[in-house]
Asker: 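Have a look at the structure that comes next, please.
Chain A is the first sequence line, chain B the second, and so forth, proteins listed ahead of strands; every chain is numbered from 1.
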Amino acid sequence: MLDIRLIREKPEFVRARLATRGGGEETKIDDVLRIDAERRKSETELQRLQSERNRLSKEIGGRRSRKEPSEELEAQVREIGEQIAGSTARANAFDQEQRNLLLNISNLPHESVPVGKDATANRVVRTWGEKPQLTAPVDHVALGTKLNLFNLEWAAKLSGSGFICFTGAGAKLERALINFMIDLHTTEHGYFQVSPPFVVRRDCMIGTSQLPKFESDMYGLEDNQLFLAPTAEVQLTNLHREEILNIGDLPEKFTAYTPCFRREAGAAGRDTRGIIRVHQFDKIELVKVVAPDKSYEELESLTANAERVLQLLGLHYRVVELCTGDLGFGSAKTYDIEVWSPGSGDGGAFLEVSSCSNFEDFQARRMQLRFKDRDGKNRLCHTLNGSGVALPRLFAALIESYQQPDGSVRIPEKLQPHFGADKIE
RNA sequence: GGUGAGGUGGCUGAGUGGUCGAAAGCAGCGCUUUGCUAAAGCGCCGUAGCCCAAAAGGCUACCGAGGGUUCGAAUCCCUCCCUCACCGCCA
């Protein structure tokens, strides 16, 4: 959520930054300003009435204690009470309208983000490793099916299309990857592990900005008051919701393994082959709650923490800086990490396995997540998150990259202690 | 699922219809004094919003959340959320 004060004081700046996204959202600013003016007007009026009521009510109290008549004043206050009821309704309606508008406006892209219309304007900031030399790479579906690593028919039988059922060595590989990543982040990168509930309240979903805008992409329960979390970003970022942290406690760094649930409505036909885009997938998440002046350096280190996973596994990848037009709703700046999948598409493709973002105070304002600074003032924290990393795509890239001419899959050295073998055959 | 007890400021904890944004204690900040690894005294000390060009100042709201009763609600009523205890059920 954007700061209404910023909108009020620098509307041109806000409009200009929003315009770089190319979604036409800058036109909403006029509405916000109009409603804001109305809201304040009705609020001032309401407060005037309340003040009057308070004054007269005290007078009544005084008269009664002195046994003096007060019927006249009581009638007067009763009338003011009616006006207050109307005024309250008006003020609340404006307040609600303003909030709804603000909840549906994207974050402002950071000034360093390249301006562009869509993904074609994204910028590759670095590439790590090299494409593996494979004579005739087989894709992960063929590999996985042949080696019995997962069974998509079983998954479909249980849950329909868009689900995975890992089996045998595949299930074990999944487990090994989870442990490998969590161990890495907790021991080497200093994150605190949390194993959270997978079902979250509506408020939490609003806090991290999945709602209200993207409700149709979410799995709702209990009359949509609870949701299956689409990412552990929701749980981890909301841990300190509505709290005021001590500056000394920042940065807070959390990691979690959770399944993630997404309807992927409208995504039919896109990247749908095999296990690349599914309704439920496992993911290791990294979340940081930090002081505002540190958030951009924290974004760099968070991204580096996620990259380390791929480096240790010896997987070729690149880091892409998203342009303004490709940036997610709440993000001010995002780096995507894309791992090389030799069997995807025609001759290989990069698959997004992590999206590392700085939300600045966009989420913090929604969830009233603050810290007390050195002057004792309450200020909003900045929040960041990224996958470290998402499992099915990592799984696919891994088995494709390490496939051997004899049809087996070699296990990278760093993963062997977790997997308990050096190959799958 | 049932029964009961609760949710008050950073913390502890008073307060059952009127000058209560809320006693008191602790913590914190400032000053004074005495001095030495601290004590005493005094003062300050919640959050948010609105008015104001701004400062000063003023006003409003907030005692888990939302409604209601009333001239007036932390206080009475209703609904919901959460915490704790016991019972039931259960992996």
Asker: Using a cut-off of less than 4.0 Å, is there contact between a side-chain N or O of A/Ser57 and OP1 or OP2 of B/rG18?
Answerer: no
Asker: Rounding to a whole Å, what distance do you find between A/Leu245:CG and B/rG10:P?
Answerer: 14 Å
Asker: Going by ring pair (Phe, Tyr, Trp, His ring centres under 6.0 Å), name the residues that satisfy it together with A/Phe254, two or more places apart in sequence or in a different chain.
Answerer: A/His240
Asker: Between the side chains of A/Glu59 and A/Arg64, is the shortest nitrogen-to-carboxylate-oxygen separation below 4.0 Å, so that they form an ion pair?
Answerer: no
Asker: Suppose you measure atom P in B/rU3 against the same atom in B/rC51; what distance do you get, rounded to whole Å?
Answerer: 49 Å
Asker: With respect to the side chain of A/Ile60, which nucleotide from B/rG18, B/rU19, B/rA61 is positioned closest?
Answerer: B/rG18
Asker: What does the 5'-to-3' dot-bracket notation of RNA chain B look like when only Watson-Crick and G-U wobble pairs under 3.5 Å count, and pairs to other strands show as |?
Answerer: ((((((((.[[[..)..(.....]]].(((((.......))))).((((((.....)))))).[[[[[..)....]]]]])))))))....
Asker: Considering only nitrogen or oxygen atoms on both sides, find all protein atoms under 3.5 Å from nucleotides 64-68 of chain B and state each distance.
Answerer:
none

Asker: Would you find a donor on one side and an acceptor on the other, under 3.5 Å apart, between the side chain of A/Glu300 and the backbone of A/Glu297?
Answerer: no
Asker: Before we go on, tell me: are the rings of A/Phe227 and A/Phe261 under 6.0 Å apart, centre to centre?
Answerer: no
Asker: Please measure how far the P atom in B/rG46 lies from the corresponding atom in B/rC29, and state the result in whole Å.
Answerer: 15 Å
Asker: I'd like to check the ring pair (Phe, Tyr, Trp, His ring centres under 6.0 Å) partners of A/Tyr402; sequence neighbours left out, ordered by chain and number.
Answerer: none
Asker: Measure all distances between protein nitrogen or oxygen atoms and nitrogen or oxygen atoms of nucleotides 79-82 of chain B, and list the pairs falling under 3.5 Å.
Answerer:
| from | atom 1 | to | atom 2 | distance (Å) |
| --- | --- | --- | --- | --- |
| B/rC81 | O3' | A/Arg201 | NH2 | 3.1 |
| B/rC82 | OP1 | A/Arg201 | NH2 | 3.0 |

Asker: If we take the P atom in both B/rG28 and B/rA38, what is their distance in whole Å?
Answerer: 13 Å
Asker: Whole angstrom is fine here: how far is it from CD in A/Glu242 over to P in B/rG10?
Answerer: 13 Å
Asker: Please determine whether any donor N or O and acceptor N or O are separated by less than 3.5 Å between the side chain of A/Arg64 and the base of B/rG18.
Answerer: yes
Asker: Is the number of heavy atoms from other residues, nucleotides or ligands under 6.0 Å of A/Arg99 CZ greater than 12?
Answerer: no
Asker: Find which nucleotide of RNA chain B each of A/Leu73 and A/Arg48 is nearest to by heavy atoms, and output the residue with the more 5' nucleotide.
Answerer: A/Arg48
Asker: Please pick, from B/rU47, B/rC59, B/rC71, the nucleotide with the shortest atom-to-atom distance to any side-chain atom of A/Lys372.
Answerer: B/rU47
Asker: Using a 3.5 Å distance criterion without hydrogens, assess whether the side chain of A/Ser357 forms a donor-acceptor pair with backbone atoms of A/Phe359.
Answerer: no
Asker: Just to confirm, is there a sub-4.0 Å distance from OP1 or OP2 of B/rU60 to any side-chain nitrogen or oxygen of A/Asn54?
Answerer: yes
Asker: Using atom C1' of each nucleotide, how far apart are B/rA65 and B/rG10 to the nearest Å?
Answerer: 22 Å
Asker: Between B/rC87 and B/rC80, how many Å separate the two C1' atoms, rounded to a whole number?
Answerer: 24 Å
Asker: So A/Ile275 and A/Leu152, side-chain contact (heavy atoms from CB on, under 4.5 Å) or not? Walk me through it.
Answerer: CA-CA 9 Å; A/Ile275 64 176; A/Leu152 298 179; 4.0 Å; yes
Asker: Quick check: closest heavy atoms across A/Arg15 and A/Asp30, and the distance to 0.1 Å?
Answerer: NH1-OD1, 2.8 Å
Asker: Looking only at atom P, what distance separates B/rU12 and B/rG66, rounded to whole Å?
Answerer: 22 Å
Asker: For atom C1', what is the distance between B/rG88 and B/rG68, given to the nearest Å?
Answerer: 35 Å
Asker: What is the distance, rounded to the nearest whole Å, between atom CD1 of A/Ile244 and atom C1' of B/rG9?
Answerer: 11 Å
Asker: Among residues at least two apart in sequence or on other chains, which ones pass salt bridge (Lys or Arg N to Asp or Glu O under 4.0 Å) with A/Asp282?
Answerer: none
Asker: Salt bridge (Lys or Arg N to Asp or Glu O under 4.0 Å) with A/Arg48: which residues, sequence neighbours excluded?
Answerer: A/Glu45
Asker: Which residues pass the ring pair (Phe, Tyr, Trp, His ring centres under 6.0 Å) test with A/Phe362, sequence neighbours left out?
Answerer: A/Phe329
Asker: Tell me whether A/Ser51 contacts the main-chain N or O of A/Gln47 through its side chain, where contact means a donor paired with an acceptor under 3.5 Å.
Answerer: no
Asker: Give me the residues of residues 77-85 of chain A where at least one heavy atom lies under 4.0 Å from an atom of RNA chain B, by number, or none.
Answerer: A/Val77, A/Arg78
Asker: Can you name the residues that form a salt bridge (Lys or Arg N to Asp or Glu O under 4.0 Å) with A/Arg201, not counting sequence neighbours?
Answerer: none
Asker: Taking A/Lys28 first and then A/Asp31, would you say they form a salt bridge - that is, a charged N and a carboxylate O separated by under 4.0 Å?
Answerer: no
Asker: What's the CD-C1' distance between A/Glu243 and B/rC11, to the nearest Å?
Answerer: 15 Å
Asker: Listing time: all N or O pairs from protein to nucleotides 48-51 of chain B that are below 3.5 Å?
Answerer:
| from | atom 1 | to | atom 2 | distance (Å) |
| --- | --- | --- | --- | --- |
| B/rA48 | OP1 | A/Arg370 | NH1 | 3.4 |
| B/rG49 | OP2 | A/Arg5 | NH2 | 3.3 |
| B/rG49 | O3' | A/Arg39 | NH2 | 3.4 |
| B/rG49 | O2' | A/Glu43 | OE2 | 2.4 |
| B/rG49 | N2 | A/Gln47 | OE1 | 3.0 |
| B/rG49 | N2 | A/Gln47 | NE2 | 3.3 |
| B/rC50 | OP1 | A/Arg8 | NH2 | 3.2 |
| B/rC50 | OP1 | A/Arg39 | NH2 | 2.9 |
| B/rC50 | O2' | A/Thr44 | OG1 | 2.7 |

Asker: Can you check the A/Arg53 CZ to B/rU70 P distance for me, whole Å?
Answerer: 13 Å
Asker: Suppose you measure atom C1' in B/rG49 against the same atom in B/rA85; what distance do you get, rounded to whole Å?
Answerer: 40 Å
Asker: Kindly indicate, with the supporting measurements, whether the criterion side-chain hydrogen bond (donor to acceptor under 3.5 Å, both in side chains) is fulfilled by A/Tyr191 and A/Glu252.
Answerer: CA-CA 8 Å; A/Tyr191 289 78; A/Glu252 290 256 37; over 6 Å; no
Asker: Taking only residues at least two apart or on different chains, which pairs with a member in residues 323-334 of chain A satisfy salt bridge (charged side-chain N to carboxylate O under 4.0 Å, His left out)?
Answerer: A/Glu321-A/Lys333
Asker: Around A/Glu153, counting heavy atoms of other residues, nucleotides and ligands shown, do more than 12 lie under 6.0 Å from its CD?
Answerer: no
Asker: Write down the distance between CD (A/Glu71) and C1' (B/rU70), rounded to a whole number of angstrom.
Answerer: 15 Å
